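Here the structure is a predicted model, which means the values were calculated and not measured. Every number for a ligand or one of its atoms is a count from 1 in the order of the listing.
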Amino acid sequence: MEYNVLLLGSGGREHALARAISNSPLLKNLFIAPGNPGTAELGKNVNISISDFEEVWEFIRKNEIDITVVGPEQPLVDGLANFLEAKNHPVFGPRLQAAMLEGSKEFAKEFMQRHDIPTASYQTFDQENFDKAAAYIRNRNKYPVVLKADGLAGGKGVFIPESEAEVMDVLEELKTSESLQEAASKLVIEDFMIGEEASVFAISDGDSYKIIGNAQDHKRIGEGDTGLNTGGMGAYSPAPVVTDEILRRVEIEIIEPTISGMKEEGNPYAGILYCGLMITEEGPKVVEYNCRFGDPECQVILPRMKTDLLEIIVACAKSELATVDIEFDDEVKCCVVLASGGYPEQYEKGKEITGLEKIKDAIVFHAGTKAENGKIYTNGGRVLNIVGSGKNLEQAIKNTYEEVKEVYFDKLYYRSDIGAKGLKH
Ligand code: GLY
């Protein structure tokens, strides 16, 4: 059978998903909503609002879509998978009860506690009790401390204050900021974990699971992991910090009990499970779960995958994941994000991008771009992802930065130390 696929989302992650799906012999037609100029080269971009479930369903019906693949977290946490499953339409992405592993930090912490999954110890406070939260942090007198808004906050809901004064500023911001107030209706206070961060991804049909790669992201805007948090400024895969022994522990101590725990609790987890980890001296611990692929981690994992992604997605939809072997090539991939100067704060859009045609030995994934009159312009904070390869990390980094140099737009910014952490191992 060949499949009509609808892919939802518009970032670099969705361009990487579109590329993998478009290479499948099982594909009939690929539609991407809303997509970006990169995905337009691989399928048909369609201008529908992915937060309007009725509009999505109307499109699915009219275009005889066989399966819908959801890229970002918001529609999943809003219940899109439940909505489409109720119409008997196969969806790749967890139902909202399972997506709550990302949608509520408190839910995730309570779940991990119930299933003995290693993570930092925590306390939760409602927004009305932020004075009690402040007193708790004062009495505990251990800095830095990690403060997390319970709900989705677009990557802006985590703070690591280093003093009581900084804690008070964060609490004030969470109470008053228009964009954070709702997500911070509850606050999770966690111990600060010491170690190196890495991400391990699993795919599940709700019953069985397979590990589909690991990567290391670079969340801060500045060189040497300094400055404000971003959606991710670059990544590489595989990450040497995830040794075979660490991976074995992640599987036994984290992934297996997460998938079996969700199933036992009546909320089987079907889709991509993103385990954001801290590799501590005691072993791997969960920093956060996400209910989707990472961006830019997806851009370095999928190009390494030799197995047909659409075959895997279809196997998940049929609850037959156990029958598929997922294979990867031996190359290392490195991704450098090209951003608009000023991101993650104020930045300008509409700058013409030149030099893309000169890139020969790397994959270009579009994110915040738009096409007009045959030219490509910047249209977001994270603009492009340049993904290069090598037989080892050092070579992958070198090859990627050689291609990065070909691209230009006014106020272009990128980190020049993507992957450097991995070379220390
Ligand atoms: N790169 C981090 C994320 O996708 O959440």
One finds that the ligand 1 atoms under 4.0 Å from a non-hydrogen atom of Gly231 are 1 (N), 2 (C)

- Task: For Arg292 and ligand 1, answer yes if some heavy atom of the residue is under 4.0 Å from a ligand atom, otherwise no.
- Result: yes

Q. Under a 4.5 Å cut-off applied to non-hydrogen side-chain atoms, are Thr369 and Tyr377 in contact?
A. no

Contacts of Glu265 meeting salt bridge (charged side-chain N to carboxylate O under 4.0 Å, His left out) (sequence neighbours excluded), chain-then-number -> Arg114

Quick check: does Glu288 get an N/O under 3.5 Å from an N/O on ligand 1? no

Closest to atom 1 (N) of ligand 1 among protein heavy atoms sits Asp217 OD2, 2.7 Å

Notebook entry, point to check: Does some side-chain heavy atom of Asp217 sit less than 4.5 Å from a side-chain heavy atom of Glu197?
Noted result: no

Checking heavy atoms under 4.0 Å, the part of Arg13 that sits near ligand 1 is neither

Quiz item: Would one find an N or O of Lys219, backbone or side chain, under 3.5 Å from an N or O of ligand 1?
Solution: no

Note: ligand 1 atoms sitting under 4.0 Å from heavy atoms of Gly294 are 4 (O)

TODO: Before giving the answer on side-chain contact (heavy atoms from CB on, under 4.5 Å), spell out for Leu42 and His15 the whole-Å C-alpha distance, their side-chain angles and the decisive distance to 0.1 Å.
DONE: CA-CA 9 Å; Leu42 303 168; His15 190 177; 3.7 Å; yes

Which is it for Glu173 and Leu180 under the side-chain contact (heavy atoms from CB on, under 4.5 Å) test, yes or no, and what are the steps along the way?
CA-CA 8 Å; Glu173 188 177 345; Leu180 286 175; 4.0 Å; yes

A student checking ligand 1 against Glu297 at a 4.0 Å heavy-atom cut-off should list atoms 1 (N), 2 (C), 4 (O)

Practice prompt. Indicate the ring-plane relationship of Phe293 and Phe201, choosing parallel, tilted or perpendicular according to the 30° and 60° boundaries.
Written response: tilted

